[in-house]
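Some notes on the structure that comes next.
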Amino acid sequence: MFLTKMGGNYFQQLFGTSAGIFLFASIVQALFKYQISINDFMLYFISGLFWSIGQAGQVWCFKKAGVSTIMPVTTAFQTIGNSLIGGWLFKEWVGVFDNLLGLAALIIILLGVAISNGLVKIKRKDIMIYLVLLVTTIGYWGYSGFPHYCHTSGLAGFFPQSLGMFIGASVIYFVGHKKISGNDPLGMRNIISGIVFGGAASTYLVSLGLNGLVNAFALSQLNVVIATMVATIILKEKQKSQIISTLAGLVILIFGVFMMVSI
């Protein structure tokens, strides 16, 4: 949501955000001088590259359909993918009960998204937007998944991860935007949003080590409530008659997230 207030197209927003994250991570690294093996450095770096794919798709979809429409859907895509990866691949769900409860939570999350967005009334012209969002969400799955294979955790991997974010986003920016960043004030202005995101990304890495992938990611996605309601009310992306259904859908979505965390 903050990105939409900074201005610029999605190439500018992606580049500025990644630059801000890299700046934030560089300061953290300079202050604490974390040590990390080459293997872990590369895994965190690849995680950052995957983030740039997911972020590029999400920002593009924000521009096409609006924050209040995309946020619940991207939350569902990310939560479902990361929950299944964490629960099944990393075996964070143990036994039949955990698996049944996890799948039930995923269904509730999908129901919340459907009520919040009215996806039953999805227009044919918007199908491509949701397909792009789904495909690029694979980037977010890789962003959360690769750190699981590292021996170091927490802020030690923040700098290499941010470097991957910055390089991946820069490639997308220069290929798609074809403009030098120094002559692009809107791209540079989005660095502010990147610095804000950097704080969130650093705490998420710490949470991964403490809570596991499923719980850490589910909790991180509660930002959907603030982002969706601000976009709905302040940015006026939806009519007043849609606010009640949006609220109801968000409440159901949050309930599903907390079911997931309780496993």
Revision key, fill the gap. Heavy-atom nearest pair, Trp141 first then Phe77, reads NE1-O, 3.2 Å
Point to revise | Path from Val96 to Trp88 over hydrophobic side-chain contacts below 4.5 Å | key: no
Check your understanding: Within a radius of less than 6.0 Å around OH of Tyr34, do more than 12 heavy atoms belonging to other residues, nucleotides or ligands occur?
Key -> yes
**Study point:** Same apolar cluster: Val135 and Ile80, side chain cutoff 4.5 Å
**Key:** no
Point to revise | Aromatic contact, Phe32 with Phe159 (centres under 6.0 Å) | key: no
Review point. To the nearest 0.5 Å, how far apart are CG in Asn99 and CG in Leu103?
Key: 6.5 Å
Practice item. Look at the side-chain heavy atoms of Ile, Leu, Val, Met, Phe, Trp and Tyr, link any pair under 4.5 Å apart, and say whether Phe255 and Ile107 land in one connected group. Key: no
Practice item. Using a 4.5 Å cut-off on heavy atoms from C-beta on, say whether the side chain of Ser37 contacts that of Thr152. Key: no
**Study point:** Heavy-atom check, side chain of Leu84 versus side chain of Trp93, under 4.5 Å
**Key:** yes
Point to revise | Any donor-acceptor pair under 3.5 Å from Asp40 side chain to Cys150 backbone | key: no
Check your understanding: Is the backbone N or O of Phe15 less than 3.5 Å from a side-chain atom of Ser18, with the two atoms forming a donor-acceptor pair by type?
Key -> yes
Practice item. Compare all side-chain heavy atoms of Ile129 with those of Leu133 and state whether any distance is below 4.5 angstrom. Key: no
Review point. When rounded to the nearest 0.5 angstrom, what is the spacing between CE in Met259 and CD1 in Ile254?
Key: 14.5 Å
Check your understanding: Donor-acceptor pair, Lys33 side chain versus Ala30 backbone, under 3.5 Å?
Key -> yes
Point to revise | Pairwise distance CZ(Phe146) to CD(Gln161) - rounded to 0.5 angstrom | key: 12.0 Å
Check your understanding: Is it true that Ile167 and Phe174 fall in one hydrophobic cluster, defined by side-chain heavy atoms closer than 4.5 Å?
Key -> yes
Exercise for review: Among Ile, Leu, Val, Met, Phe, Trp and Tyr joined by side-chain contacts under 4.5 Å, find the other residues sharing a cluster with Val94 and list them by chain and number.
Suggested key: none
Point to revise | ILVMFWY network linking Val73 to Ile252, side-chain heavy atoms under 4.5 angstrom | key: yes
Check your understanding: Out of curiosity, Gln58 CD to Lys63 NZ, how far, rounded to the nearest 0.5 Å?
Key -> 13.5 Å
Check your understanding: Got a sec, which pairs hit side chain to side chain donor-acceptor pair (under 3.5 Å) with one end in residues 198-210, sequence neighbours left out?
Key -> Ser144-Tyr204, Ser207-Asn211
Practice item. Mind listing the closest non-hydrogen atom pair of Ile21 and Gly198 along with its distance? Key: CG1-N, 4.0 Å
Practice item. Check whether the side chains of Thr74 and Gln78 place a donor and an acceptor atom closer than 3.5 Å, and report yes or no. Key: yes
Check your understanding: Has the side chain of Ser47 got a donor or acceptor atom that lies under 3.5 Å from a matching backbone atom of Leu43?
Key -> no
Check your understanding: At their closest point, which heavy atom of Phe24 faces which heavy atom of Ile195, and how far apart are they?
Key -> CD1-O, 3.8 Å
Point to revise | Heavy-atom pair of closest approach, residues Gly145 and Phe90 | key: O-CZ, 3.7 Å
Review point. Under 3.5 Å, is there a donor-acceptor pair between the side chain of Thr17 and the main chain of Leu14?
Key: no
Review point. What's the spacing between Ile115 CD1 and Leu110 CG if we round to 0.5 Å?
Key: 11.5 Å
Review point. Run the side-chain contact (heavy atoms from CB on, under 4.5 Å) check on Tyr143 and Met165 step by step: do they pass?
Key: CA-CA 10 Å; Tyr143 162 62; Met165 292 174 171; 3.5 Å; yes
Exercise for review: Can you see which heavy atom on Ile36 is nearest to which on Tyr44, and at what distance?
Suggested key: CD1-CD1, 3.6 Å
**Study point:** Over 12 foreign heavy atoms within 6.0 Å of CD1, Ile38
**Key:** no
Point to revise | Nearest atoms (heavy-atom pairs only) where Ile172 meets Ala56 | key: CD1-CB, 4.0 Å
Exercise for review: Show the numbers, then the answer: is there a side-chain contact (heavy atoms from CB on, under 4.5 Å) between Phe41 and Leu163?
Suggested key: CA-CA 10 Å; Phe41 186 99; Leu163 180 62; 4.0 Å; yes
Exercise for review: Kindly indicate whether the side chain of Gln12, heavy atoms from C-beta on, has any atom under 4.5 Å from the side chain of Tyr173.
Suggested key: yes
Review point. Are Phe50 and Tyr140 close enough that their ring centres sit under 6.0 Å apart?
Key: no
**Study point:** CG on Leu250 to OG1 on Thr75, rounded to 0.5 Å
**Key:** 9.0 Å
